[in-house]
Engineer: 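Quick one: this structure, given as structure tokens, is what I'll be asking you about.
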Amino acid sequence: QAKSAGGNSLRFFSSEMQSAVMARVHLEADLHQALQRDELALHYQVQVDGDTHVTGVEALLRWHHPRRGMVSPGVFIPLAESSQLILPIGHWVLQSACRQLARWSESKRTEALTISVNVSSVQFQQADFVAQVERLLDETGARPERLIMEVTESLLMDDPERVRDTMTALSELGIRFGLDDFGTGYSSLNYLKRLPLHQLKIDQSFVHDLLDDPVDAAIVETTITLANSLGLEVTAEGVETAEQHEWLKGRGCHSFQGYFYSRPVPIDELVLGVLPLPLDH
Ligand code: C2E
Ligand code: MG
Ligand code: MG
Ligand code: MG
């Protein structure tokens, strides 16, 4: 019985599965080289207030693979996390963001802008993460008040005590935290009470059908109310239409991000100030 099950499971490892595994192995090997070969880039997507005035940007990683072209972060971030490559990559992302903040601090027009950076739980688990961040701030001259670290609910599951200590230490430096993809993970409202959070980001999956799906609408509206009464900033992600913007604004959302305002773009294509939008309807 056991023997035949073994035989079956061997046969079950089909050639398609084998090539999927090999593709992963190849991609991971390529990712090892990506940093040195300068194939990684940060794109920036604006965040706006209710008057479509740009208040900051989210830094989003891009990988220009020499043969495959653009590889989605949805594909390579999990690879980077499982192989620990996220450590040098994440450090590079933070360094690049801090350098950009330091550049922006030199001009009145840009000094108040924030940069949000996605930080993986693997980075958080490093014993010296706080020291690394302190060093980056020192080296670059970036103001910690302008840096927002986006974390996800899954991070908070790892080792809640330790995560809270790390977040507290970083908060004491002046860094602020956003809870990304809010509502998609194993949320516990307890986290909202115990952690030094500044912002909730409503996941784009709830925003997408906001105007057609009463359940999504209820979730979004409740999240906005919750955030406002806890004194947290609430940012709606994935806003694609003027109607979504107006709906969210009308229900007390003050911060917005999505293709409606701008796609993520390279730094030199970033449009700042008050965005000209087709908001008349
Ligand atoms: P995220 O942090 O939730 O980022 C928002 C994602 O939504 C981005 O996808 C962005 O391009 C996309 N997006 C923004 N506005 C719209 C919209 O109006 N409609 C739609 N359909 N999508 C929109 P992207 O750039 O592919 O990144 C995917 C995920 O990869 C990010 O989700 C984040 O979790 C992760 N990621 C990206 N950069 C980094 C990084 O530097 N470090 C880490 N650890 N993760 C990263
Ligand atoms: Mg994010
Ligand atoms: Mg998100
Ligand atoms: Mg996400």
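Counting convention: from 1, in listed order, for ligands and their atoms alike. Since the model is a prediction, treat every value here as computed from it, not as a measurement.
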Engineer: Taking atom types as modelled, find out whether His254 and Asp49 have a side-chain donor-acceptor pair closer than 3.5 angstrom.
Structural biologist: no
Engineer: So which of Gln244, Gln123, Gln204, Glu58 gets nearest to atom 22 (N) of ligand 1, if we judge by its closest heavy atom?
Structural biologist: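 Minimum heavy-atom distance to atom 22 (N) of ligand 1 goes to Gln204.
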Engineer: Would you kindly say whether Asn118 and Glu58 are connected by a side-chain donor-acceptor distance under 3.5 Å?
Structural biologist: yes
Engineer: Please work out, at 4.0 Å between heavy atoms, whether the side chain, the backbone, both, or neither of Val93 comes within that distance of ligand 1.
Structural biologist: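 Side chain only; the backbone of Val93 stays clear of ligand 1.
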Engineer: Taking just the N, O or S atoms of Asp181, which one is nearest to the Mg ion (ligand 3)?
Structural biologist: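 Going through the N, O and S atoms of Asp181 one by one, OD1 ends up nearest to the Mg ion (ligand 3).
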Engineer: Could you tell me whether ligand 1 has any atom less than 4.0 Å away from a heavy atom of Gly90?
Structural biologist: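 It does not, in that no heavy atom of Gly90 comes within the 4.0 Å cut-off of ligand 1.
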Engineer: Using a strict 4.0 Å threshold on nitrogen-to-oxygen distance, state whether Arg103 and Glu106 make a salt bridge.
Structural biologist: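 Looking at Glu106 together with Arg103, the answer is no, because their closest N to O distance does not fall below 4.0 Å.
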Engineer: So is Ser72 close enough to ligand 1, meaning a heavy atom under 4.0 angstrom away?
Structural biologist: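 In this structure, Ser72 fails to qualify as a contact of ligand 1 - no heavy atom is under 4.0 Å.
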Engineer: Salt bridge or not between Glu150 and Lys201? Use side-chain N to carboxylate O under 4.0 Å.
Structural biologist: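 Salt bridge between Glu150 and Lys201, a charged N being under 4.0 Å from a carboxylate O: yes.
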Engineer: Can you check the angle at the Mg ion (ligand 3) formed by OE1 of Glu237 and OD1 of Asp180? Round it to the nearest 10°.
Structural biologist: 100°
Engineer: With respect to atom 18 (O) of ligand 1, which of Phe260, Tyr259, Tyr261, Phe256 exhibits the smallest heavy-atom separation?
Structural biologist: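 Shortest heavy-atom distance from atom 18 (O) of ligand 1: Tyr259.
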Engineer: Select one of side chain, backbone, both or neither to describe which atoms of Lys201 lie under 4.0 Å from any atom of ligand 1, heavy atoms only.
Structural biologist: neither
Engineer: Do you see an N/O/S atom of Glu58, backbone or side chain, under 2.8 Å from the Mg ion (ligand 2)?
Structural biologist: yes
Engineer: Please work out whether any backbone atom (N, CA, C, O) or any side-chain heavy atom from C-beta onward of Gln257 is under 4.0 Å from ligand 1, and answer side chain, backbone, both or neither.
Structural biologist: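 Within the 4.0 Å criterion, Gln257 makes no contact with ligand 1.
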Engineer: Are any non-hydrogen side-chain atoms of Thr152 and Thr184 less than 4.5 angstrom apart?
Structural biologist: no
Engineer: Does either side chain, that of Ser82 or that of Arg24, offer a donor lying less than 3.5 Å from an acceptor on the other one?
Structural biologist: yes
Engineer: If the cut-off is 4.0 Å to any non-hydrogen atom of Gln45, which atoms of ligand 1 fall inside it?
Structural biologist: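 It comes down to these atoms of ligand 1: 14 (C), 15 (N).
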Engineer: Of the choices Ile86, Asn118, Thr184, which has the non-hydrogen atom that lies closest to atom 34 (O) of ligand 1?
Structural biologist: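 Of the listed residues, Asn118 has the closest heavy atom.
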Engineer: Got Leu101 and Thr114 here, is their nearest side-chain heavy-atom distance under 4.5 Å?
Structural biologist: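 Heavy-atom side-chain distance check fails, nothing below 4.5 Å.
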Engineer: Verify the distance test for Asp203 against the Mg ion (ligand 3): any N/O/S atom under 2.8 Å, yes or no.
Structural biologist: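 No, Asp203 does not qualify, because none of its backbone or side-chain N, O or S atoms lies under 2.8 Å.
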Engineer: Hey, are the side chains of Leu192 and Leu200 touching, using non-hydrogen atoms and a 4.5 Å cut-off?
Structural biologist: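 Side chain of Leu192 against side chain of Leu200, heavy atoms only: contact under 4.5 Å found.
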Engineer: Would you please say whether a donor-acceptor pair under 3.5 Å links the side chains of Ser255 and Gln47?
Structural biologist: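 No, Gln47 and Ser255 have no side-chain donor paired with an acceptor closer than 3.5 Å.
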Engineer: Give a yes/no on ligand 1: does Arg62 have at least one heavy atom closer than 4.0 angstrom to it?
Structural biologist: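 Yes; Arg62 lies near enough to ligand 1 that a heavy-atom distance drops under 4.0 Å.
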Engineer: Which bit of Asp203 is near ligand 1, meaning a heavy atom under 4.0 Å away: side chain, backbone, both or neither?
Structural biologist: neither
Engineer: Looking at side-chain heavy atoms only, is the closest gap between Leu87 and His91 below 4.5 Å?
Structural biologist: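 No; the side chains remain at least 4.5 Å from each other.
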Engineer: Ligand 1 versus Ile77, non-hydrogen atoms closer than 4.0 Å: side chain, backbone, both, neither?
Structural biologist: side chain
Engineer: Determine, considering heavy atoms only, which of Pro264, Ser262, Pro73 sits nearest to atom 26 (O) of ligand 1.
Structural biologist: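 Closest candidate by heavy-atom distance is Pro73.
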Engineer: List ligand 1 atoms under 4.0 Å from Glu240, heavy atoms only on the residue side.
Structural biologist: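 In order of numbering, the contacting atoms are 17 (C), 18 (O), 19 (N), 20 (C), 21 (N).
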Engineer: May I ask you to decide if the ring planes of Trp63 and Phe76 are parallel, tilted or perpendicular, using 30° and 60° as cut-offs?
Structural biologist: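 The arrangement is perpendicular - the two ring planes meet at more than 60°.
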Engineer: Can you check which of Leu60, Asp181, Thr241 brings a heavy atom nearest to atom 8 (C) of ligand 1?
Structural biologist: Leu60
Engineer: What closest approach, in Å, do Thr140 and Ala102 show between heavy atoms, and which atom pair accounts for it?
Structural biologist: O-CB, 3.2 Å
Engineer: Can you tell if the side chain of Ile115 reaches within under 4.5 Å of the side chain of Tyr44, non-hydrogen atoms only?
Structural biologist: yes
Engineer: Of the side chain and backbone of Glu81, name the one, both, or neither that has a heavy atom under 4.0 Å from an atom of ligand 1.
Structural biologist: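 The answer is neither; Glu81 stays 4.0 Å or more away.
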Engineer: Please confirm if an N, O or S atom belonging to Asn118, backbone or side chain, lies less than 2.8 Å from the Mg ion (ligand 2).
Structural biologist: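 Yes, since at least one N, O or S atom of Asn118 sits under 2.8 Å from the Mg ion (ligand 2).
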Engineer: Are Glu161 and Arg164 within salt-bridge range, i.e. N to O under 4.0 Å?
Structural biologist: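 Arg164 and Glu161: salt-bridged.
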Engineer: Heavy-atom contacts under 4.0 Å between Asp180 and ligand 1: side chain, backbone, both, or neither?
Structural biologist: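 The side chain, only.
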Engineer: Under a 4.0 angstrom heavy-atom cut-off, which atoms of ligand 1 come close to Gly258?
Structural biologist: 15 (N), 18 (O)
Engineer: Checking one value in my table: which N/O/S atom of Glu150 lies closest to the Mg ion (ligand 2)?
Structural biologist: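 It is OE1, the N, O or S atom of Glu150 closest to the Mg ion (ligand 2).
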Engineer: Do Leu232 and His198 have side chains that get closer than 4.5 Å, going by heavy atoms?
Structural biologist: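 No, their side chains stay 4.5 Å or more apart.
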Engineer: Just heavy atoms, cut-off under 4.0 Å: does His208 contact ligand 1 by side chain, backbone, both, or neither?
Structural biologist: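 Contact part for His208 vs ligand 1: neither.
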